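Working notes, beginning with the structure itself.
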Amino acid sequence: MLDPKYMLENADFIVKKTKARGIKLSLDKFIKISQEKKDYLIKVESLRHEKNKASELVAQKKKEGQDASSVISEMKKVGAEIKILEEKLKELEEKLREISLSIPNVPHESVPEGKSSKDNVEVRKFSEKPKFAFPIKPHWEIGKELGILDFERAAKIAGSRFAVYFGAGAKLERALINFMLDVHTEEKEYQEVIPPFIANERSLMGTGNLPKFENDLFKLRGYKWYMIPTAEVPLTNLYQDDILEEDSLPKRFVAYTPCFRREAGSYGKDIRGLIRQHQFNKVELMSFALPENSYTELEKMTVDAEEVLKRLGLHYRVVVLCTADMGFAGAKTYDVELWMPARKKYMEISSCTNCEDFQARRANIRFRRKGKSKLEFVHTLNGSGVALGRTVSAILESFQQEDGSVVIPKVLRLYMDGLDKIT
RNA sequence: GGAGGGAUGGCCGAGUGGCUUAAGGCGGCGGUCUUGAAAAUCGCUUCCCGGGCAACCGGGACGGGGGUUCGAAUCCCUCUCCCUCCGCCA
């Protein structure tokens with residue numbers, strides 16, 4: 001949510017920036033209703049003032065034993081009038097809120113303009129694409145042949161877009177979770193969290209998943225609960241309605257959670273393998289930062305996410321998303337993309353986003369500067385550190401051997417009882 | 001699932017229809033004292049919206065929503081969350 005004052009004062013700029021996102025937006029209605037609301041507000045306030053004065057008079061008269069009935073009957077009328085105006089006012093406020101909630105964040109000035117993901121700009125790369133002297137296989141074939149991934153059995157249990165991990169596959173996934181958590185907690189100053197994997201409406205409003213993107217979510221039937229699509233939701237809402245101390249910022253958290261997504265509208269896309277699942281594991285980074293530091297924090301977070309991939313020895317690149325490819329709540333996003341040898345394509349594995357005060361305003365997360373009374377909204381940042389399923393895919397494909405086995409990256413062997421190869 | 005008790009400013013906590021314009025304390029900020037600090041002491045300090053260059057003025061908010069009333073933190077209804085006891089349970 002954007003600051004309503006900012007919206008009124010910079011309407012043209014916001015419309016222009018939103019257009020760059022590929023979204024058509026008009027703020028005319030917002031401006032008109034805002035003015036209307038203000039007029040009503042002034043009317044209501046003056047009537048309420050009158051009422052307050054009269055109430056004082058009634059109290060005084062009664063104390064002095066005088067008759068107050070004329071004032072009281074007069075105020076009955078005023079009271080009724082106030083009620084009508086208040087209803088109208090509330091209606092207008094509700095409309096304004098609805099509009100505000102549906103407007104995406106404004107991209108940061110450093111974000112390149114573009115029309116699609118093709119216009120994302122590569123920022124840096126790490127290492128080289130792996131080379132193979134034999135015909136390579138996609139990860140689902142490798143996983144099936146090694147007996148560590150099973151999509152058919154997952155389909156029996158749940159349906160398509162689910163996976164069962166067996167033996168060394170399950171252990172690899174668990175090793176990666178522990179490895180990532182250890183890197184982020186022991187070296188990168190993030191505090192580990194295990195949050196609920198279910199969140200309520202308010203929390204999903206806070207992050208911007210609701211009200212616009214309900215179709216992406218799994219809702220629990222009969223409850224106002226949703227399965228989390230990412231740990232960003234519970235982590236951001238850790239401090240919903242809170243007031244933080246300036247000294248306590250930045251606050252950094254890392255959480256392992258499963259993520260649940262409907263993937264509605266992606267029928268037929270990435271149907272094979274671990275790339276696009278209804279349920280996947282992810283280690284997520286989260287940071288609450290001072291506004292003046294949030295872009296430094298975004299750089300740090302991206303580098304921290306990359307660190308994991310570097311140590312695994314996987315080839316990746318970092319791109320800055322263009323205006324058209326960014327998410328609803330983001331002001332700037334870096335995607336870290338892993339190289340998938342079998343598809344000969346880079347795939348997003350981490351998305352590090354500075355939401356500035358967009359989510360903080362929705363979730364009401366504020367802070368107080370030392371010695372000042374005015375409250376400000378914090379900046380929130382989130383980034384994957386990193387998604388597990390796609391990492392496993394890249395490991396299987398990148399480190400596959402001619403005999404069908406897969407070499408385990410050195411940093412993981414400690415987490416896998418010394419196992420150096422899955423055969 | 002049953003029965004009770006709660007939710008008040010950054011935090012703690014008083015307040016059961018109009019002398020509350022939310023007491024008091026803690027914390028925070030500033031002054032006095034001190035070589036400095038601590039202690040003591042004095043003052044300031046809830047947030048949001050509207051108006052104003054400003055001092056200031058007006059309005060709102062006591063978990064959320066609704067109601068009663070001339071007037072609600074206070075009474076009624078409802079929802080959410082928290083606590084205690086009983087039952088069940090990994």
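Being a predicted model, the structure only gives us computed values, none of them experimental. Any value given below was found using the heavy atoms of this structure, including those in side chains, with hydrogens, waters and symmetry copies removed. By convention in this document, chain letters (A, B, ...) are assigned in the order of the sequence lines, proteins followed by strands, and residues within each chain are numbered from 1.
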> Below 4.5 Å, heavy atoms only, C-beta onward: do A/L149 and A/Y165 meet side chain to side chain?
Replying inline: yes
>> What is the separation between atom NZ on A/K76 and atom C1' on B/U69, rounded to the nearest whole Å?
In response: 9 Å
> B/G58 phosphate, OP1 or OP2: any side-chain N/O from A/H49 under 4.0 angstrom?
Replying inline: no
> Between atom CG in A/N200 and atom P in B/C82, what is the gap in whole Å?
Replying inline: 11 Å
> Which nucleotide in the list B/C48, B/G59, B/G50 gets nearest to the side chain of A/R366?
Replying inline: B/C48
>> Strictly by Watson-Crick or wobble contacts shorter than 3.5 Å, is anything paired with B/C81, and which nucleotide is it?
In response: B/G6
> Which listed nucleotide (B/G18, B/C48, B/C70) is nearest to the side chain of A/A59?
Replying inline: B/G18
> Between atom CG in A/L375 and atom C1' in B/G28, what is the gap in whole Å?
Replying inline: 13 Å
> Taking the side chain of A/R368 as its heavy atoms from C-beta onward, which of B/C70, B/C47, B/C49 lies nearest to it?
Replying inline: B/C47
>> On the nucleotide B/G50, are OP1 or OP2 found under 4.0 Å from the side-chain N or O atoms that A/K38 carries?
In response: no
>> Of the listed nucleotides (B/G67, B/G59, B/C70), which one gets closest to any side-chain atom of A/S55?
In response: B/C70
> Side-chain donor-acceptor pair under 3.5 Å between A/T353 and A/N382, yes or no?
Replying inline: no
>> Under 3.5 Å for both donor-acceptor distances, Watson-Crick or wobble: does B/U69 have a partner, and if so which one?
In response: none
> Of the nucleotides B/C47, B/G18, B/G50, which has the atom closest to the A/L41 side chain?
Replying inline: B/G50
>> I want to check one thing: is the phosphate of B/G58, taken as OP1 and OP2, less than 4.0 Å away from some side-chain N or O of A/N52?
In response: no
> Within the pair A/K374 and B/C29, is there a side-chain N or O less than 4.0 Å away from OP1 or OP2?
Replying inline: no
>> Pair A/H379, A/Y295 - check ring-ring contact (aromatic ring centres under 6.0 Å, His included), show working.
In response: CA-CA 10 Å; A/H379 281 195; A/Y295 280 93; 7.4 Å; no
>> If I take atom CZ in residue A/F367 and atom P in nucleotide B/G28, what distance separates them, rounded to the nearest angstrom?
In response: 19 Å
> Is the count of non-hydrogen atoms from other residues, nucleotides or ligands lying under 6.0 Å from A/E109 atom CD greater than 12?
Replying inline: no
> Any side-chain heavy atom of A/K282 within less than 4.5 Å of one from A/T230?
Replying inline: yes
>> Closest approach to the side chain of A/V58, judged atom by atom: which nucleotide of B/G18, B/G71, B/U68 is it?
In response: B/G18
> If pairing requires Watson-Crick or G-U wobble contacts with both distances under 3.5 Å, which nucleotide is the partner of B/A90?
Replying inline: none
>> Quick one about A/N200 and A/Y223 (side-chain donor to acceptor, distance below 3.5 Å, no hydrogens or angles considered), yes or no?
In response: no
>> Using Watson-Crick or G-U wobble geometry with both distances under 3.5 Å, which nucleotide pairs with B/A37?
In response: none
>> From the set B/C48, B/C70, B/G58, return the single nucleotide nearest to any side-chain atom of A/E45.
In response: B/G58
> Which value, in whole Å, describes the distance between the C1' atoms of nucleotides B/C47 and B/U41?
Replying inline: 30 Å
> Taking atom P of B/G60 as reference, at what distance in whole Å does atom CZ of A/R48 sit?
Replying inline: 5 Å
> Once you round it to whole Å, what is the distance between P of B/G67 and CD of A/E87?
Replying inline: 7 Å
